[in-house]
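No hydrogens, no waters, no symmetry mates; every other heavy atom, side chains included, goes into these values. Model, not experiment: these values are computed from the prediction.
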Amino acid sequence: MTTNAKPITPEDALDPSRALVPSIQQVNEVRVQKGFWPKIRRTAARIPFARQVVSVWYSARDPETPAAAKGIMLGALAYFVLPIDAIPDIFAGIGFTDDAAVITALIATLGANIKRRHKDQADAALKRLRDD
């Protein structure tokens with residue numbers, strides 16, 4: 001980063017109009033790589049949409065998924081892993097409703113990019129988590 005470069009804020013990284021900007025996509029990818037599995041381990045048993053979010057993760061990592069779809073998926077996954085969101089996850093019952101809404105909207109628009117193999121990989125990963 002140069003001395004004149006403006007730091008990327010969480011709002012910038014999650015702004016849908018900027019989801020495909022390479023620097024934003026890179027920030028989201030790093031954020032997701034670091035935070036995704038720890039958050040899934042902590043929350044998978046409590047969120048009914050765990051299979052969907054893990055399927056999105058596998059699709060976002062698939063080299064066959066188009067770059068534009070990956071950028072949007074990474075933005076949604078970054079929102080999921082960020083500790084700061086519209087409804088804090090610590091609120092029992094409603095804490096994950098905003099995350100569920102983001103993942104549901106993503107699947108409604110980009111669901112064709114989430115293949116059967118991604119869902120199978122998600123099922124296997126969640127089974128491994130339950131068995132641990």
Inset, instruction - Give, for atom OG of Ser55 and atom CG of Asp120, the distance between the pair rounded to the nearest 0.5 Å. - result: 8.5 Å

Legend entry - Counterpart residues, side-chain hydrogen bond (donor to acceptor under 3.5 Å, both in side chains), relative to Ser59 (two or more places apart): Thr65

Inset, instruction - Could you tell me whether the side chains of Tyr79 and Asp98 share a donor-acceptor contact shorter than 3.5 Å? - result: yes

Inset, instruction - Measure the spacing between CG of Asn28 and CE of Met73 and express it to the nearest 0.5 Å. - result: 13.5 Å

Inset, instruction - State the CD-CZ distance between Glu29 and Arg31, to the nearest 0.5 angstrom. - result: 12.5 Å

Inset, instruction - Measure the CG-OG1 distance between Asp99 and Thr104 for me, rounded to the nearest 0.5 Å. - result: 10.5 Å

Inset, instruction - Measure the spacing between NZ of Lys119 and CD1 of Ile114 and express it to the nearest 0.5 Å. - result: 7.0 Å

Inset, instruction - Using the salt bridge (charged side-chain N to carboxylate O under 4.0 Å, His left out) rule, take Glu64 and Arg117 through it: C-alpha gap first, then chi angles, then the decisive distance, then the call. - result: CA-CA 12 Å; Glu64 293 179 22; Arg117 69 181 174 270; 3.2 Å; yes

Legend entry - For the student: nearest non-hydrogen atoms of Ile103 and Gln52, plus distance: CG2-CB, 4.0 Å

Inset, instruction - May I ask you to decide whether Asp131 forms a salt bridge with Lys127, counting only side-chain N to carboxylate O separations under 4.0 Å? - result: yes

Legend entry - Ala78 to Val32 - nearest heavy-atom pair and separation: N-CG2, 3.4 Å

Inset, instruction - Test side chain to side chain contact (heavy atoms under 4.5 Å, CB included) on Lys115 and Gln121 and set out the steps. - result: CA-CA 10 Å; Lys115 307 295 184 198; Gln121 289 171 310; over 6 Å; no

Legend entry - Test item: Leu77 and Val56 side chains (from C-beta on) under 4.5 Å apart, heavy atoms: yes

Legend entry - Any Lys70 side-chain heavy atom under 4.5 Å of Pro66 side chain: no

Legend entry - Residue pair Val54 / Ile40: nearest heavy atoms and the distance that separates them: CG2-CD1, 3.9 Å

Inset, instruction - Provide the closest heavy-atom pair for Lys39 versus Val81 in the form atom of the first, atom of the second, distance. - result: CD-CA, 4.0 Å

Inset, instruction - Provide the closest heavy-atom pair for Leu110 versus Ala69 in the form atom of the first, atom of the second, distance. - result: CD1-O, 4.0 Å

Inset, instruction - Heavy atoms only: give me the nearest Leu126-Ala44 pair and the separation to one decimal. - result: CD2-CB, 4.1 Å

Legend entry - NZ/NE/NH1/NH2 to OD/OE distance under 4.0 Å, Arg41 and Asp132: no

Inset, instruction - Report the distance from atom OG1 of Thr97 to atom CD1 of Ile47, rounding to the nearest 0.5 Å. - result: 12.0 Å

Inset, instruction - Determine the interplanar angle of the Phe80 and Phe49 rings, folded into 0 to 90°, and report it as parallel if under 30°, tilted if 30 to 60°, perpendicular if over 60°. - result: perpendicular

